[in-house]
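What follows is a single structure, written as structure tokens, with notes after it.
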Amino acid sequence: MLEEKWWERSVVYQIYPRSFCDSNGDGVGDINGIRSKLWYLKKLGVDVIWLSPIYPSPNADNGYDISDYRGVSPEYGTMEDMKRFIQECEDSDISIMMDLVVNHTSDEHPWFVEAKSSLNSPYRDYYIWRKGKAGQVPNDLQSDFGGSAWEYSEETGEYYLHFYHKKQPDLNWENENMRAEIWKMMNHWIDMEIKGFRMDVIDVIGKDPDKKIKENGPKLHAYLQEMNRETFGGKDMMTVGECWGADTKIGRAYSDPERKELDMIFQFEQMQADQIPGKQKWDLRPLDLVYLKHTFAKWQKELEGKGWNSLFWNSHDLPRIVSRWGNDKEYRVESAKMLATALHGMKGTPYIYQGEEIGMTNYPFSGIEDLVDVETLNAYQERKAQGFPEEEIMRSLCAKARDNARTPMQWDDSPEGGFTKGSPWYRVNPNYKEINAKRALEDKGSVFYHYQKLIALRKEEPLLVHGTFELLCPEDRHVFAYVREWKCKKWLIICNFYEGPTEFSYPGKGRTILSNYEQGEEVLLEHIQLRPYEAVICEVM
Ligand code: GLC
Ligand code: CA
């Protein structure tokens with residue numbers, strides 16, 4: 001008998017609180033704003049909310065720099081609001097997965113304030129300090145946000161490590177007391193009845209800075225096993241680890257249930273299908289569909305029965321998928337539905353990022369002054385210094401900047417897209433009059449209802465949850481097609497990734513289950529003419 005875990009059949013919805021819904025008119029989204037939209041998430045049918053950080057933070061990286069792990073930022077509300085939110089989610093059968101950001105704290109966290117004050121502070125060793133080399137940084141480790149990963153600290157004359165912003169000092173996971181504090185903090189949230197943790201850049205906690213090892217360090221898995229034992233192990237929660245640099249073997253190490261680490265991983269290999277191999281995300285190439293298909297297929301196959309993967313196109317760190325690999329102009333609705341189908345037809349736990357379900361697009365940035373994210377601004381400076389032409393830099397930033405995902409959620413066609421009654425912390429996409437949740441809910445043919453159907457299908461059909469995966473026509477440069485099979489039942493998922501019509505063929509007939517165009521009940525699979533961005537799920541007869 002197969003023991004099914006609840007999160008294998010779940011669909012997750014990611015909320016970026018700052019940009020979701022503002023309840024009090026200060027221009028910043030908040031917890032009460034989220035509470036006011038629970039009905040909407042219920043209608044969509046999602047089971048889990050991944051809540052991006054709501055903790056107190058100086059916002060050098062919008063909340064991913066935490067100064068108090070147990071509190072709620074006054075910008076987002078009070079602890080009472082949070083408790084009400086947790087209760088209401090429970091009443092609506094929605095689980096909350098908290099963002100756990102424990103590779104680093106804010107430099108304004110009391111631990112760091114203490115630690116930097118003196119070499120003898122009991123908190124000194126909670127962070128990673130090194131002496132300089134001949135007045136220079138200890139080594140050439142780089143921050144992911146640009147520049148050296150080492151920052152000089154006046155007070156004690158040593159450098160501390162930060163893989164991200166200099167206001168995000170890295171914690172020293174070698175320190176047992178520090179780890180014990182993290183376990184206590186996690187248990188505190190578990191006691192408050194949250195149902196899971198999404199673990200921010202968890203793949204770098206096992207670093208060895210002297211050997212210049214960042215990801216997948218030697219003790220990483222030992223730490224995760226300890227975490228599992230000390231906190232959520234045996235508690236039927238959902239845990240997902242963000243890993244930017246994992247291969248399938250590493251993916252299994254995290255998520256093979258027998259190893260008692262995490263339930264699933266959130267890895268990005270497929271998201272590199274439009275960047276020049278070995279280069280940065282800003283180094284663009286057109287989508288390589290064959291790469292994309294092979295990467296998905298590899299993860300589908302190699303985790304089969306031995307681990308679990310997340311399925312996603314979007315997050316607060318990625319540009320909007322309909323602008324990226326769809327067509328956000330004449331085929332916005334068709335291509336958004338096609339992309340949803342391609343993803344939700346696979347095995348794994350699907351994630352939807354706020355606004356994806358209504359086909360929200362990238363922002364039409366006109367210059368660097370429109371952008372605010374720390375990673376974006378650093379990349380701009382770095383590329384300028386390297387001599388890239390302004391136009392080329394802006395092309396990269398418009399395509400990939402995280403700012404694209406962080407514009408406010410578009411609720412209706414009232415001013416500021418109904419996100420706030422005041423003036424929003426960040427610009428609303430000018431297309432809100434056309435693209436908004438209210439309009440999507442009024443239109444049976446909207447992207448929203450397509451997502452709703454895909455979510456419902458996953459609940460009804462064990463095949464989508466457990467079925468095997470077989471890639472078809474692996475070298476075809478237009479169509480992504482695969483077969484899912486489970487207990488004598490066979491489903492075919494066919495997606496045309498481009499606007500040019502194309503053909504596809506498979507033996508026999510199919511019964512249509514879901515499509516983004518008008519479709520007969522029966523499809524002759526031997527000669528299917530696929531329309532622009534057409535997607536079909538059918539059962540093979
Ligand atoms: C993760 C987060 C990202 C953040 C970084 C540092 O990648 O998703 O938003 O900037 O970690 O915390
Ligand atoms: Ca607010």
Side-chain angles (χ1 to χ4, degrees), residues 57-67 69 101-179 181-182 199-220 223 242-245 279-282 317 373-386 402:
S57 161
N59 283 324
D61 186 17
N62 280 0
Y64 284 90
D65 48 323
I66 298 172
S67 53
Y69 284 122
V101 188
V102 290
N103 173 65
H104 44 266
T105 66
S106 160
D107 66 338
E108 297 180 31
H109 192 290
W111 296 344
F112 189 76
V113 174
E114 268 284 320
K116 74 169 182 188
S117 71
S118 135
L119 292 170
N120 303 320
S121 157
Y123 292 98
R124 183 75 177 177
D125 191 49
Y126 275 31
Y127 296 87
I128 299 170
W129 302 92
R130 294 290 183 273
K131 293 193 171 52
K133 288 223 172 96
Q136 297 294 315
V137 290
N139 63 29
D140 62 358
L141 270 175
Q142 294 292 300
S143 152
D144 276 19
F145 291 164
S148 171
W150 297 102
E151 181 72 14
Y152 185 69
S153 178
E154 293 274 319
E155 286 90 336
T156 55
E158 290 188 350
Y159 291 82
Y160 66 86
L161 183 75
H162 62 91
F163 278 168
Y164 301 91
H165 195 270
K166 64 176 187 222
K167 283 183 70 62
Q168 293 169 299
D170 277 48
L171 285 164
N172 176 18
W173 276 74
E174 303 258 349
N175 185 296
E176 245 175 86
N177 296 337
M178 192 287 292
R179 295 204 302 278
E181 298 253 24
I182 300 289
M199 302 183 186
D200 192 65
V201 291
I202 204 69
D203 57 340
V204 298
I205 61 170
K207 65 190 70 86
D208 184 338
D210 302 313
K211 295 203 186 98
K212 299 202 255 179
I213 298 175
K214 278 177 127 173
E215 287 103 2
N216 306 305
K219 294 195 192 149
L220 170 66
Y223 295 147
E242 183 197 31
C243 333
W244 287 84
K279 296 271 202 108
Q280 290 183 304
K281 73 179 201 183
W282 311 113
D317 293 331
D373 175 44
V374 44
E375 182 197 53
T376 314
L377 300 181
N378 287 348
Y380 179 81
Q381 293 304 344
E382 207 166 86
R383 297 224 144 195
K384 273 261 150 191
Q386 289 162 0
R402 308 196 295 184

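Values reported hereafter were calculated over all heavy atoms of this structure, with side chains retained and with hydrogens, waters and symmetry mates removed.
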Exercise for the section: Please answer whether the main-chain N or O of F145 pairs with a side-chain N or O of N378 as donor and acceptor at a distance below 3.5 Å. Expected result: yes
Practice task
Could you verify whether a donor N or O on one side chain and an acceptor N or O on the other, from T105 and Y69, lie under 3.5 Å apart?
Solution key: no
Exercise for the section: For the pair Q168 (side chain) and H162 (backbone), establish whether a donor and an acceptor sit closer than 3.5 Å, ignoring hydrogens and angles. Expected result: no
Exercise for the section: Hey, could you give me the NZ/CG distance between K281 and D317, rounded to the nearest 0.5 Å? Expected result: 7.0 Å
Practice task
Check whether any side-chain N or O of D203 sits under 3.5 Å from a backbone N or O of W244 as a donor-acceptor pair, and report yes or no.
Solution key: yes
Problem - Which atom of E155 lies closest to which atom of S117, heavy atoms considered - result: CB-O, 4.5 Å
Handout entry: Minimum-distance pair of heavy atoms, taken over all atoms of S67 and S106
Key = N-CB, 4.0 Å
Completion exercise
Correct closest heavy-atom pair for G217 and I213 would be CA-CG2, 3.9 Å
Practice task
Classify the side-chain pair E181/Y126 by whether it contains a donor and acceptor separated by less than 3.5 Å.
Solution key: yes
Exercise for the section: Just say parallel, tilted or perpendicular for the rings of W173 and Y223, cut-offs at 30° and 60°. Expected result: tilted
Exercise for the section: Would you check if the side chain of D208 reaches a backbone N or O of P218 as a donor-acceptor pair within less than 3.5 Å? Expected result: no
Practice task
Could you tell me the separation between the CD atom of Q280 and the CZ atom of R383, rounded to the nearest 0.5 Å?
Solution key: 5.0 Å
Practice task
Only counting residues at least two apart or in another chain, list the ones meeting side-chain hydrogen bond (donor to acceptor under 3.5 Å, both in side chains) with K133.
Solution key: none
Fill in the blank from the handout: Minimal heavy-atom distance between G132 and Y159, with the atoms involved, is CA-CE1, 3.4 Å
Problem - Minimum-distance pair of heavy atoms, taken over all atoms of R130 and P138 - result: CB-CG, 3.6 Å
Practice task
Flag yes if more than 12 heavy atoms outside Q386 fall under 6.0 Å of its CD atom; otherwise flag no.
Solution key: yes
Practice task
Drop me the distance from F163's CZ to D144's CG, to the nearest 0.5 angstrom.
Solution key: 8.0 Å
Practice task
Could you tell me which residues satisfy salt bridge (charged side-chain N to carboxylate O under 4.0 Å, His left out) with D65, sequence neighbours excluded, listed by chain and number?
Solution key: none
Handout entry: Contact check, side chains of V374 and R402, non-hydrogen atoms, under 4.5 Å
Key = yes
Exercise for the section: Evaluate whether atom CD of Q142 has more than 12 neighbouring non-hydrogen atoms of other residues, nucleotides or ligands under 6.0 angstrom away. Expected result: yes
Practice task
Any chance you could lay out the side chain to side chain contact (heavy atoms under 4.5 Å, CB included) test for K207 and L161, step after step, and finish with the verdict?
Solution key: CA-CA 11 Å; K207 65 190 70 86; L161 183 75; 3.6 Å; yes
Completion exercise
Separation between CG (N103) and CE (M199), nearest 0.5 Å, reads 13.0 Å
Fill in the blank from the handout: Correct closest heavy-atom pair for E382 and G147 would be OE2-N, 3.2 Å
Completion exercise
Which of V204, I205, L220, V201 passes side chain to side chain contact (heavy atoms under 4.5 Å, CB included) with E215? It is V204
Problem - Polar side-chain atom of D61 near backbone of Y64 as donor-acceptor pair, under 3.5 Å - result: no
Handout entry: Check against side chain to side chain contact (heavy atoms under 4.5 Å, CB included), E174 and I128
Key = CA-CA 10 Å; E174 303 258 349; I128 299 170; over 6 Å; no
Handout entry: T156 side, atom OG1; L119 side, atom CG - distance, nearest 0.5 Å
Key = 5.0 Å
Problem - W129 ring center within less than 6.0 Å of F112 ring center - result: yes
Practice task
For the pair H109 (side chain) and H104 (backbone), establish whether a donor and an acceptor sit closer than 3.5 Å, ignoring hydrogens and angles.
Solution key: no
Handout entry: SB check D140 K212 (cutoff 4.0 Å)
Key = yes
Problem - Atom pair OG (S143) and NE2 (H165), whose distance is rounded to the nearest 0.5 Å - result: 8.5 Å
Practice task
Say whether N139 and W150, considering side chains only, have a donor N or O and an acceptor N or O under 3.5 Å apart.
Solution key: yes
Handout entry: Y160 six-ring centre to K116 NZ/CZ under 6.0 Å and within 45° of normal
Key = no
Practice task
Please determine if K214 and D170 form a salt bridge, counting it only when a charged side-chain N lies under 4.0 Å from a carboxylate O.
Solution key: no
